[in-house]
Amino acid sequence: MDLEKKEKPEVPEPQEPQAEKEIIIEEENIDVVVESEPRSETVIDLTEDSAHTGQTPANSAGKRDIDGEWAKALQMNYDPDVAAPLSPPPVPGKTATPPPYRPQPQFNPAPQPAPPADSNLQPASPADPAPQTAPLTPAGVRQPQEGKPKTYLGWAIAVLLCCAFIPGLVAILYAGKVNPRYYAGDINGAQRASELAQYWIIAAIVLGVIKAALYYPLMIAFM
Amino acid sequence: MRIPPVLKYTLIIMTAIIFIAVYFLIDPSTSRFMPKCYFRLLTGWECPGCGTQRALHALLHGNLRQAWSHNPLLLILLPYFGLAAWSNLGSSPLRRRIHAYLNSTPFILLLILLLLAWTLIRNLA
């Protein structure tokens with residue numbers, strides 16, 4: 001419905017130069033009209049895609065939160081701490097100044113091939129990329145990649161209690177460094193601290209598994 | 001790398017059921033098949049996690065007092081683990097707020113102090 005509405009106001013814009021050409025040569029009218037149509041389509045597609053990108057958070061309130069939650073659960077990085085009002089300003093700034101931690105979800109390439117693909121089917125071409133891009137790029141999935149890194153505190157404590165004492169303590173210390181570094185502006189440092197906490201947790205789990213595996217031969221040897 | 005959610009949650013639930021069954025059926029204080037703490041074997045000191053297996057066994061049998069005597073830290077941190085897991089499962093505002101609170105710096109410092117104090121107390125006292 002929105003697509004048809006947006007086509008109509010944009011059609012007269014390319015027609016204004018046509019009117020000037022009509023006065024000069026009448027026969028080229030048909031050619032000009034034919035040439036103007038794909039131009040208008042490309043303009044329409046771009047505006048509609050940008051409109052979709054702008055509308056996704058608003059439309060996603062009801063349905064797409066579920067997908068976002070699943071995507072979060074799958075990717076294992078969810079940063080609910082970065083609220084919705086905080087997310088729009090850091091996106092352009094962080095993409096420009098620091099190197100992004102992870103390759104960002106490719107937001108533009110999906111809509112860009114759409115306009116040359118279907119020149120005749122106007123409603124089909126914008127309608128296709130919308131459901132493809134929308135579940136992949138809700139606000140909840142993009143936020144953790146540019147937002148605050150995870151602290152892995154719960155894992156660190158669980159690992160400290162169950163697997164290994166000292167690596168778990170190191171992991172908790174690194175988890176405590178994430179937030180101060182992030183709020184001090186050191187985003188890469190916070191990211192590094194989060195990664196180090198993760199690595200120490202993995203090391204503790206591996207150590208616990210090795211300990212449990214070594215226990216039985218030792219028990220049999222010293223029995 | 002993306003694991004399908006059905007497989008992921010079935011794996012989690014199956015491992016949880018196996019762990020619960022093992023710790024319900026086997027008493028770690030009497031059986032020789034449960035692994036002991038190597039920190040305690042090497043140094044003679046008790047790490048903050050010593051007694052967690054016995055406390056889990058007692059907790060699964062409903063003996064809260066016995067679990068507390070084995071390792072009070074597990075009982076103290078159980079609500080924390082539950083809240084942390086619950087806050088990670090969704091993105092509603094309440095979960096976001098709880099997640100932010102549980103990962104804030106003062107809370108982490110408090111946990112580190114609690115753990116260090118608990119190790120000192122249980123080894124010195």
Side-chain angles (χ1 to χ4, degrees), chain A residues 65-66 68-76 78-84 138-141 143 148-166 168-169 172-183 207-216 218-220 223, chain B residues 1-5 8-9 19 32-41 43 45-53 55-56 71 73-74 77 80-85 87-112 114-116 119:
Chain A
D65 273 348
I66 301 164
E69 287 179 8
W70 279 111
K72 282 178 191 173
L74 286 172
Q75 287 189 348
M76 291 294 286
Y78 16 70
D79 188 26
D81 194 12
V82 178
V141 179
Q143 274 181 10
K148 197 170 68 180
K150 275 187 70 182
T151 57
Y152 300 102
L153 183 64
W155 282 104
I157 293 167
V159 145
L160 182 142
L161 288 182
C162 296
C163 295
F165 167 41
I166 294 168
L169 198 62
I172 293 176
L173 290 176
Y174 275 116
K177 282 184 179 180
V178 173
N179 281 357
R181 282 182 180 178
Y182 180 77
Y183 288 122
L207 201 64
V209 171
I210 289 172
K211 279 158 64 176
L214 273 179
Y215 181 75
Y216 299 105
L218 288 176
M219 186 188 75
I220 293 165
M223 196 160 59
Chain B
M1 161 176 143
R2 289 197 168 188
I3 307 169
K8 184 183 164 190
Y9 287 110
F19 264 82
R32 292 182 289 109
F33 291 97
M34 302 303 277
K36 304 286 185 293
C37 181
Y38 271 61
F39 187 78
R40 191 180 177 186
L41 286 179
T43 62
W45 302 329
E46 286 188 320
C47 80
C50 280
T52 307
Q53 294 180 353
L56 263 178
N71 194 347
L73 204 62
L74 181 72
L77 289 180
Y80 164 73
F81 285 128
L83 269 182
S87 69
N88 272 343
L89 284 178
S91 63
S92 67
L94 181 66
R95 295 187 192 204
R96 281 184 194 175
R97 190 175 295 178
I98 288 174
H99 187 271
Y101 177 73
L102 289 181
N103 284 311
S104 63
T105 311
F107 192 80
I108 296 174
L109 285 177
L110 191 142
L111 275 175
I112 292 172
L114 178 73
L115 287 164
L116 291 176
T119 44

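The figures here come from the full heavy-atom set of this structure, side chains too, leaving out hydrogens, waters and symmetry mates. Since the structure is predicted, the reported quantities are computational estimates derived from the model, not experimental observations.
In this structure, the separation between CD1 on A:Ile166 and SG on B:Cys47 is 9.5 Å, given to the nearest 0.5 Å. Here B:Leu41 contributes atom CG and A:Lys211 contributes atom NZ; the two are 9.0 Å apart, rounded to the nearest 0.5 Å.
Contact record, A:Pro180 with B:Thr105: CD-OG1, 3.5 Å, taken as the closest heavy-atom pair.
A:Leu153 is listed as a side-chain neighbour of B:Leu111, based on a closest heavy-atom distance under 4.5 Å. Between A:Thr151 and B:Leu102 there is no side-chain heavy-atom pair separated by less than 4.5 Å.
Not a single donor-acceptor pair under 3.5 Å links the side chain of B:Tyr38 to the backbone N or O of A:Ala164.
Listed options B:Asn103, B:Leu77, B:Leu109, B:Leu56 were ranked by heavy-atom pairs under 4.5 angstrom with chain A; first place goes to B:Asn103. In terms of non-hydrogen atom pairs under 4.5 Å with chain A, the most contact-rich of B:Cys50, B:Ala85, B:Pro48, B:Ser104 is B:Pro48. Top candidate by heavy-atom pairs under 4.5 Å with chain A, chosen from B:Leu116, B:Ile112, B:Ile108, is B:Ile108.
Both the backbone and the side chain of A:Ile157 come within less than 4.5 Å of a heavy atom in chain B. If you measure heavy-atom distances from A:Ala158 to chain B, the contacts under 4.5 Å come from both the backbone and the side chain. Heavy atoms of B:Tyr101 lying under 4.5 Å from chain A are absent altogether.
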